[in-house]
Amino acid sequence: MALHSMRKARECWNFIRALHQGPDAAPVPQKDAVKRIFSGIQPTGIPHLGNYLGAIESWVRLQDEHDSVLYSIVDLHSITVPQDPTILRQSILDMTAALLACGINPEKSILFQQSQVSEHTQLSWILTCMVRLPRLQHLHQWKAKTAKEKQSGTMGLLTYPVLQASDILLYKSTHVPVGEDQVQHMELVQDLAQSFNKKYGEFFPVPKCILTSMKKVKSLRDPSAKMSKSDPDKLATVRITDSPEEIVQKFRKAMTDFTSEVTYEPASRGGVSNLVAIHAAVAGLPVEEVVRRSAGMDTARYKLVVADAVIEKFAPIKSEIEKLKMNKDHLEKVLQVGSAKAKELAYPVCQEVKKLVGFL
């Protein structure tokens, strides 16, 4: 069992090593090799730069490259921490508007609200009964979050990786776009699929990782941490809907170092390297080309160049979000239609699982 886990871990980390070698090194499976892609995003309102470059941008590409793609606004996951009901409802609509504005097309992919498809929680309970408590307690994110919260983590926080597994397996997904910090959770998904198949017969595909070519976007104020909406330092995170003035201010205040030259050396120059990675991603250029074009430029001037590139990238998206947010009925209709399509796929799978488990 330990050897099997090591093999799987090695496979996922091979993806990551390829990812660190450059944007062309993390291959996405060819169309005929992919049967279904699933991914989800929590309704935290308007996405930030890290969300866009780390997930949403690749989602748009994947829906154009593959025939069966599902994207879920995973509102059930969001209540693992306290939520204000009014704010949560608005955040679901805001995230819907943002995804549509970024290019998610309900005609090419299924965009839906997780809680509108009850089969997610039904499958989650069945899978929860197959997981040992220590396995969940040893997951890195559980240990990290409970350490911060001084052992006050809820059962929802402990078991949400199983709900995450049910989200994926419910649609018999074959591939899942993930970030580096989700690799351990994907191993749990794979283990649950294999355990179920071993006990009840071959049923679930064992899904594979698709890692985006963009590494984690780091905080502008602390390059050792990833960009986060919950960062107490408001200058650390760039939101898609920030004004040009706000974006310029945040990049001006970005942490760099005392060397004025623009180079890409993540291990020794985390702040400047983060700016270079962001610039390369929003401009659609290789890191090497960005560095070459920045030769002779000091970091103070370079911060403004990066800010301008981000402003240019987000301007049309920001405008579209503002228009979409004015039409609440349209946003709700998109989610209703998408959830109905998702349920058509989820219901027969869940019914078959119930039969296999022994429910009448």
Side-chain angles (χ1 to χ4, degrees), residues 35-44 59 68-96 99-100 104 106 109-131 136 154-174 176 182 185-186 188-189 191-193 195-197 199-200 203-205 207 328-360:
K35 293 183 179 178
R36 180 162 294 151
I37 291 172
F38 177 94
S39 196
I41 189 168
Q42 289 200 33
T44 50
W59 284 14
S68 185
V69 181
L70 294 96
Y71 297 133
S72 180
I73 297 176
V74 288
D75 49 348
L76 292 172
H77 288 284
S78 70
I79 62 171
T80 57
V81 295
Q83 298 282 349
D84 179 290
T86 302
I87 294 175
L88 178 57
R89 277 190 285 271
Q90 186 60 50
S91 294
I92 292 168
L93 295 176
D94 287 350
M95 180 58 74
T96 306
L99 292 174
L100 294 174
I104 298 301
S109 57
I110 297 176
L111 176 62
F112 72 101
Q113 185 180 340
Q114 180 193 32
S115 64
Q116 291 188 17
V117 183
S118 60
E119 286 77 9
H120 284 257
T121 51
Q122 294 179 49
L123 180 57
S124 180
W125 175 249
I126 292 170
L127 296 179
T128 298
C129 294
M130 299 178 66
V131 184
L136 299 179
T154 65
M155 284 301 295
L157 191 60
L158 175 68
T159 61
Y160 94 86
V162 185
L163 176 59
Q164 189 177 57
S166 79
D167 297 337
I168 296 165
L169 297 179
L170 182 60
Y171 300 97
K172 292 194 169 184
S173 309
T174 58
V176 183
Q182 290 293 314
H185 285 186
M186 273 302 296
L188 176 65
V189 177
D191 279 349
L192 283 168
S195 296
F196 189 94
N197 292 346
K199 186 171 183 178
Y200 298 108
F203 185 74
F204 289 121
K328 179 182 175 183
D329 290 343
H330 171 66
L331 297 175
E332 290 179 343
K333 183 68 174 178
V334 167
L335 291 178
Q336 289 167 3
V337 171
S339 298
K341 290 179 180 178
K343 195 172 184 70
E344 286 181 6
L345 298 174
Y347 178 79
V349 174
C350 194
Q351 290 301 109
E352 186 63 27
V353 167
K354 290 178 180 179
K355 289 179 183 176
L356 290 171
V357 170
F359 297 158
L360 295 175

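Small disclaimer: the values here were computed from a predicted structure and weren't measured.
Annotation: side chain to side chain donor-acceptor pair (under 3.5 Å) contacts of S339 (sequence neighbours excluded): Q116. By the salt bridge (charged side-chain N to carboxylate O under 4.0 Å, His left out) test, D94 is found to be paired with K325, residues two or more places apart in sequence or in another chain being considered. Residues passing the side chain to side chain donor-acceptor pair (under 3.5 Å) test with T159, sequence neighbours excluded: none. Among residues two or more places apart in sequence or in another chain, the side-chain contact (heavy atoms from CB on, under 4.5 Å) test is passed with S115 by D75, L76, Q113. For K199, there are no side-chain contact (heavy atoms from CB on, under 4.5 Å) partners two or more places apart in sequence or in a different chain. Residues passing the ring-ring contact (aromatic ring centres under 6.0 Å, His included) test with Y71, sequence neighbours excluded: W59. Applying the ring-ring contact (aromatic ring centres under 6.0 Å, His included) rule to Y171 yields the partners F38, F112, H120; only residues at least two apart in sequence or on another chain are considered. Contacts of S173 classified as side chain to side chain donor-acceptor pair (under 3.5 Å), with partners at least two apart in sequence or in another chain: none. Residues passing the ring-ring contact (aromatic ring centres under 6.0 Å, His included) test with Y347, sequence neighbours excluded: none. Every salt bridge (charged side-chain N to carboxylate O under 4.0 Å, His left out) that K343 has, sequence neighbours left out, goes to E119.
Sorted pairs that involve residues 156-169 and meet salt bridge (Lys or Arg N to Asp or Glu O under 4.0 Å), not counting sequence neighbours, are lacking altogether. Judged as a salt bridge (Lys or Arg N to Asp or Glu O under 4.0 Å), not a single pair has a partner in residues 79-91 (not counting sequence neighbours).
You'll find the side chain of V189 reaches within 4.5 Å of the side chain of P207, heavy atoms only.
In this structure, I168 CD1 and S72 OG are separated by 11.0 Å, a value rounded to the nearest 0.5 Å.
For the pair K172 and F203, the cation-pi test (distance below 6.0 Å, angle within 45°) is passed.
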Determine, step by step, whether H185 and Q164 satisfy the side-chain hydrogen bond (donor to acceptor under 3.5 Å, both in side chains) criterion, reporting the C-alpha distance in whole Å, the side-chain angles of both residues, the deciding distance to 0.1 Å, and the verdict.
CA-CA 8 Å; H185 285 186; Q164 189 177 57; 3.2 Å; yes
